[in-house]
Amino acid sequence: MLNQFPQVLTIAGSENDGAAGMQADLATFDHFKVYGTSVVTVCVAGNSYGVHAQQIMSTSFIDQEFKDLADDFNIKASKTGMLANASVIKTVVKNYQRYDFGPLVVDPVIFGNNPNTRLLDPNTFQLLKARLIPLATVLTPNYYEAQTLAKMKINDDQDMLTAGHRLQNLGADNVIIKGPHHDPQQKIVKDLVLLSNDHHFWLAGKYYPTKRKNGTGDTLSAGICAELAKGQSVTDAIKNAREYVDKAIRNPLNVGHEYGPINHFV
Ligand SMILES: Nc1ncnc2c1ncn2[C@@H]1O[C@H](COP(=O)(O)OP(=O)(O)OP(=O)(O)O)[C@@H](O)[C@H]1O
Ligand SMILES: Cc1ncc(CO)c(N)n1
């Protein structure tokens, strides 16, 4: 029947090298066999060496993208990625509240995988915290974003739990804090999941010492979004998405010279 196939939405930045952002989200949606639609917030020009320019969409264009999808599709779950600045955040919040686009996975993109790449105007953390995070069914900060948003250093497991609770206190129902992976000697990467029912668990995966991991966070949050759209529980959605990221890092794709992509074809 028309409009019954699971449809999802990524509200994100286009990254023209194909590794991260909206391009990674859409490749992930294909893998999980959901139909991917998109609201482009910003176009980024770059490659595996770094980001070199960006062009932010106008708020009226973003409004039109939302309206056109609402007029025609049956969106079951959504995710946000790079939002770039305050007016984009405000516009996205306004539109998400206007339409019924299902549960929201918020990937609070502040830094790229190359830690020198800033993807959000530093003056907008407050807005992200006050307006977008309270809408999150699942919030997926990486280790650095969690520290910035929770306003604390994370040195051990207990700190990570404290930070996770602070992020839930900002209004996110469920939180996954992605563990650090900057030590070439480490054997595992340990993510923390805090659920809305006050339970928590750790997801420990093998650590792969590779530079080819651009787009891991986008892929994880897109995978969670896809699985939620198909009716999976938050716990299963997170576990299935994490398993896909593991496979996609483990089977490298020989594309790009520096911070290359993961392999969405696995
Ligand atoms: N080198 C690695 N080896 C194994 N797992 C990794 C590695 N790097 C990241 N991960 C896993 O990938 C997922 C995404 O985490 P990550 O911290 O890379 O997100 P991110 O910084 O938001 O990514 P990006 O900005 O590139 O999209 C997490 O589950 C994390 O544990
Ligand atoms: C456009 C865009 N969104 C998100 C990320 C985070 O991986 C990125 N590098 N680029």
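Below, all heavy atoms of this structure are taken into account, side chains as well, without hydrogens, waters or symmetry copies. Atoms within each ligand, like the ligands themselves, are counted from 1 in listed order.
Residue pairs meeting the salt bridge (Lys or Arg N to Asp or Glu O under 4.0 Å) criterion with at least one member in residues 194-206: none, sequence neighbours excluded.
With atom 19 (O) of ligand 1 as the reference point, the heavy atom nearest to it among K211, K190, K178, R212 is part of K178. The heavy atom nearest to atom 28 (C) of ligand 1, considering only T140, D107, D191, is found in D191. Of the listed residues (R250, R242, Q186), the one carrying the non-hydrogen atom nearest atom 5 (N) of ligand 1 is R242.
In V42, neither the side chain nor the backbone holds a heavy atom less than 4.0 Å from any atom of ligand 2. The side chain of L119, and not its backbone, has at least one atom closer than 4.0 Å to an atom of ligand 2 (non-hydrogen atoms only; side chain from C-beta on).
In this structure, CG on N174 lies 7.0 Å from CD on Q168, to the nearest 0.5 angstrom. How far OG1 of T210 is from NE2 of H181: 11.5 Å, rounded to the nearest 0.5 Å.
With a 6.0 Å cutoff to the six-membered ring centre and a 45° limit on the axis angle, K239 counts as a cation-pi contact of F201.
Annotation for ligand 1: atoms under 4.0 Å from non-hydrogen atoms of I249 are 4 (C), 5 (N), 6 (C), 7 (C), 10 (N). Residue E15 approaches ligand 2 through these ligand atoms, each under 4.0 Å from one of its heavy atoms: 1 (C), 2 (C), 8 (C), 9 (N), 10 (N). Atoms of ligand 1 lying under 4.0 Å from any heavy atom of H181, numbered from 1 in the order shown and given with element: 8 (N), 9 (C), 16 (P), 17 (O), 18 (O). Contact atoms of ligand 2 toward A20: 7 (O), 8 (C), 9 (N) (distance under 4.0 Å to a heavy atom of the residue). The ligand atoms of ligand 2 that sit less than 4.0 angstrom from a heavy atom of G13 are 1 (C). Counting atoms of ligand 1 from 1 in the listed order, those under 4.0 Å from a heavy atom of Y208 are 1 (N), 2 (C), 3 (N), 4 (C).
Ligand 1 lies within reach of G215, whose nearest heavy atom is under 4.0 Å from it. Using a non-hydrogen distance threshold of 4.0 Å, D218 registers as a contact of ligand 1. Within the structure, ligand 1 has K206 among the residues with a heavy atom less than 4.0 angstrom away.
For Y207, the OH atom counts as densely surrounded, since its 6.0 Å shell holds more than 12 non-hydrogen atoms of other residues, nucleotides or ligands.
Residue G217 has at least one nitrogen or oxygen atom sitting less than 3.5 Å from a nitrogen or oxygen atom of ligand 1, judged on distance alone. Checked by distance only, ligand 1 and T216 come closer than 3.5 Å through their nitrogen or oxygen atoms. Residue-to-ligand polar distances place N142 within reach of ligand 1: an N/O pair is separated by less than 3.5 Å. Polar contact with ligand 1: absent for E145 (N/O pair, distance under 3.5 Å).
Using modelled atom types, no side-chain atom of R212 and backbone atom of H257 make a donor-acceptor pair closer than 3.5 Å.
The aromatic rings of H264 and Y244 are tilted relative to each other, their planes meeting at an angle between 30° and 60°.
Counting heavy atoms from C-beta outward, V8 and Y35 have side chains that stay 4.5 Å or more apart.
A donor-acceptor pair shorter than 3.5 Å can be found between the side chains of E15 and N214.
Across all non-hydrogen atoms, the minimal contact from I154 to A163 is CD1-CB, 3.7 Å. Nearest heavy-atom pair across A12 and T10 is CB-OG1, 3.3 Å.
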